[in-house]
Amino acid sequence: MLLEHQHSKLKFYFDIFMVALVLISVLFLLYEVKHPDGHPFLDAFVQFSLVVFIIEYLLRFWIYSDSHKLFLEHYEYAINNNLPFSLPQTLLALVKKKVEYILSPLAIIDLLAILPSYRPLRFLRIFLLFRIFKLFRYARSMKTFTSIITEKKFELFTLAIFASFVIFTGSSAIYIFETHQNPKINTLFDALYWAIVTMGTVGYGDIVPVTTEGMVVAMILIILGVATLAFLTSIIVSSFQNKLIELKESRTFADVDKLESYIVICGYGRVGEVVAKMLHEDGYKLVIIDNDETKIKLAQQRGLIGIVADASKSRILGELGVGKRAAQIICATNSDELNVFITLTARSLSEQIIIIARVIKNTHKKKYFLAGANYAFSADETIGLMGAQYITQPISYAALDEMLTENTGVLFDMVPIHEHAFFINQPIAALNLSEKRLLLFGILRQNSVLAFEFNPSPHCLLQLHDTLIIMGRKHHINLLRKHNDQGNMG
Amino acid sequence: MNEGKILLFGFNRSAIEIGTRLKAQGFPFTCIDNNAALLPYAKKLGFELLIMDYSEDDTLLSLGVSEDVSFIFTLFEEDVHNVFLTLCLRALDPNVQIISTTHTKDAIHKLEIAGVNTILDPYQICGKRIYKLITQPEIMQIIDATIFGEEDINMEQITITEHSALNGVLLSECYPTQNYNMLLIGLHDKELKKEFIFITEGHNHTLDQGDILVVIGKSAEIERFRIDFNL
């Protein structure tokens, strides 16, 4: 659906094309004012744009409601409720829908943009300018402007009533006071024109009051005019500002829509920050949610996609693609209740998504797993373990610390034994790991009951789908991996 | 092992976790906080909690600081308290081991200036674990299950004693761990400045008295190793 699909690329190009078409056809209308004979090339262009507009109108008319579906719905309703199926009633419903489209403001604009090109309706030429209004269809920011006006209907209506009251009073006053004294004010229309020009603080000066009474009316009108304009401006500006935030947000959501298999981080506190930084550096795609605006601003400054939202709302998570394109979700807010709730929501949206949760109070850990978290752990638990370790065994604490932080460059990594692996069916001793300055922590076995085998014996044979858990420097691990993949004794 | 008193300042979840583990290992310790409202909670958990104003030097001295206190944890939620307390303690006793938790990044540097020995950063630890779970979930699960977890595989340090058979043996030659179901992860050499060297770094040197080996394995295996080599 080229015409309606929000985020499709094609729609974007289509919109650009239509905007260009509208602008050029209006420019031609202006050209025609001084050159009524026209120009063969331009005439052809006008015909072309007209055809495009007509096709677009008809297509929109066609897709506005799915007649087929509507028909079937009516039929089914009749069958299910044991009622006689009435064809005229159904047709009436269909026609109703279509008329609804014809009467919608945008459709009327479309129609007015087409009609004047029909020769007998030439007098409607001014309506060709309506093509400009067609732009509303193609530009989202224009839509925003219309929505501001509809949103502030009440305020604007109040203001309009006030303004028309002032204009009416002003124009009738000047009409009464000056009709005979002032040669320029002859009709009520003159008076109305003067009142609006004065109130709009334009004051051309073509009509000026000559009597004292008229001048008093002018002064009052000017003050009220300034007040009204200020009021109008403030309404529009304030609602525009609100709308701008929304617009920006919808941009962010559109950005998220383009991502595939990304990670959602709920809560950009210190934990979220640390995780986001490390993952971002590794090139993972991240989406961050926090209900604190300043934190999201910080995230955005760091080049991350951040959204100010309440992560406990399942609508938000759904819109962010949890359950569809998000691969993992991290619950890192500073409240257990919120984390559990997000876990539950995410699990209800998707069976597959991997949920990692930070537990605040260790006693709540079980609840996270009940809610469906894949991993849950508390920092306090780790702190307890490490703190106690530090007292009893400071050196092994240092070892643990370095294994976890990987500050020294020694890290854990995996080397899978795949189908073409060099090490397949070889004993561990043949790997010569200590010579390669590596340490085998254990083997992860796919096809045995005891999945992880710690420190296997040197005679143990490596099988297909085993994964070696290796400790060592990145460089040495990569050498081993290369050796495994290519088979040459590197 | 250092046979001194252990003080835990700030009674919160971290303190409870540490306290529980110390209790399990049979170390006596004292919890201190200035909030009397915590007393019933501590009592319920079976902790001994002293309520006192720790900002006074006299109070700290009365607790045995600079005499027989060897480890102090400062675990307050507020970094201000941690930094100030660390500074007070360091001024009283230059040798005591001070371990602090921190809650903001900026406080790390301040704590270091104040003279802390080790910083436990819960956010860094937590963040790192989440990162590992995403990048290498299998490895993190294994580490969790073995070293941190229930499974009977622990990390322990073994000090080389004077009469041990390992005293004076080259590291590459002996490699005695092959006969035991345990892994030699690395060692601490008292002649080298560095705290801990991984075995994979390839340093080959002679084990002396006072060097410390760090091994991972089943407790029973490590115990067998200790007995066999007089450690």
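Throughout, a chain's letter reflects where its sequence line sits, starting with A, and its residues are numbered from 1.
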[atom1]-[atom2] distance between [X] and [Y], expressed to the nearest 0.5 angstrom:
| X | Y | atom1 | atom2 | answer |
| --- | --- | --- | --- | --- |
| A:Leu440 | B:Leu183 | CG | CG | 7.5 Å |
| B:Met155 | A:Tyr397 | CE | OH | 12.0 Å |
| B:Leu184 | A:Leu439 | CG | CG | 8.0 Å |
| A:Arg270 | B:His103 | CZ | NE2 | 9.0 Å |

Any idea which heavy atoms bring [X] and [Y] closest together, and the distance?
| X | Y | answer |
| --- | --- | --- |
| A:Phe377 | B:Cys126 | CE1-SG, 3.7 Å |
| A:Met386 | B:Ile125 | SD-CD1, 4.0 Å |
| A:Asp380 | B:Ser14 | OD1-OG, 2.7 Å |
| A:Val271 | B:Tyr123 | CG2-CD2, 3.4 Å |

Counting heavy-atom pairs under 4.5 Å to chain A, which of [options] comes out on top?
| options | value |
| --- | --- |
| B:Asn12, B:Thr20, B:Ile16, B:Asp121 | B:Asp121 |
| B:Leu133, B:Leu22, B:Ile99 | B:Leu133 |
| B:Thr118, B:Ile212, B:Leu75 | B:Thr118 |

Residue [X] excluded, over 12 heavy atoms near [atom1] under 6.0 Å:
| X | atom1 | answer |
| --- | --- | --- |
| B:His109 | NE2 | no |
| A:Lys365 | NZ | yes |
| B:Glu48 | CD | no |
| B:Glu112 | CD | yes |
| A:Lys361 | NZ | no |
| A:Glu281 | CD | yes |

4.5 Å side-chain heavy-atom contact, [X] and [Y]:
| X | Y | result |
| --- | --- | --- |
| A:Glu381 | B:Arg21 | yes |
| A:Leu279 | B:Thr135 | yes |
| B:Arg129 | A:Ile356 | no |
| A:Tyr375 | B:Ile130 | no |
| B:Phe29 | A:Ile391 | no |
| A:Ile383 | B:Glu17 | no |

I'd like to know which of [options] tops the heavy-atom pair count under 4.5 Å against chain B.
| options | answer |
| --- | --- |
| A:Ala332, A:Gly384, A:Ala388 | A:Gly384 |
| A:Asp413, A:Ile469, A:Thr467 | A:Asp413 |
| A:Gly269, A:Ala379, A:Gly272, A:Ser378 | A:Ala379 |

At a heavy-atom separation under 4.5 Å, does [X] approach chain B through its side chain, its backbone, both, or neither?
| X | answer |
| --- | --- |
| A:Ile354 | neither |
| A:Tyr284 | side chain |
| A:Lys277 | neither |

Cut-off 4.5 Å, heavy atoms of chain A, and the answer for B:Ile216 is both
Point to revise | Check: B:Tyr131/A:Asp282 side-chain N/O donor and acceptor closer than 3.5 Å | key: yes
> Would you say the side-chain atoms of B:Arg13 pair up with the backbone N or O of A:Asn362, donor to acceptor, closer than 3.5 Å?
Replying inline: no
Requested in this report: Apply the test side-chain contact (heavy atoms from CB on, under 4.5 Å) to residues A:Phe412 and B:Glu138: give CA-CA distance (whole Å), side-chain angles for both, the deciding distance (0.1 Å), then the verdict.
Outcome: CA-CA 11 Å; A:Phe412 279 98; B:Glu138 293 89 353; over 6 Å; no
side-chain contact (heavy atoms from CB on, under 4.5 Å) evaluation trace for B:Asn117 with A:Tyr390: CA-CA 11 Å; B:Asn117 292 81; A:Tyr390 184 81; 3.7 Å; yes
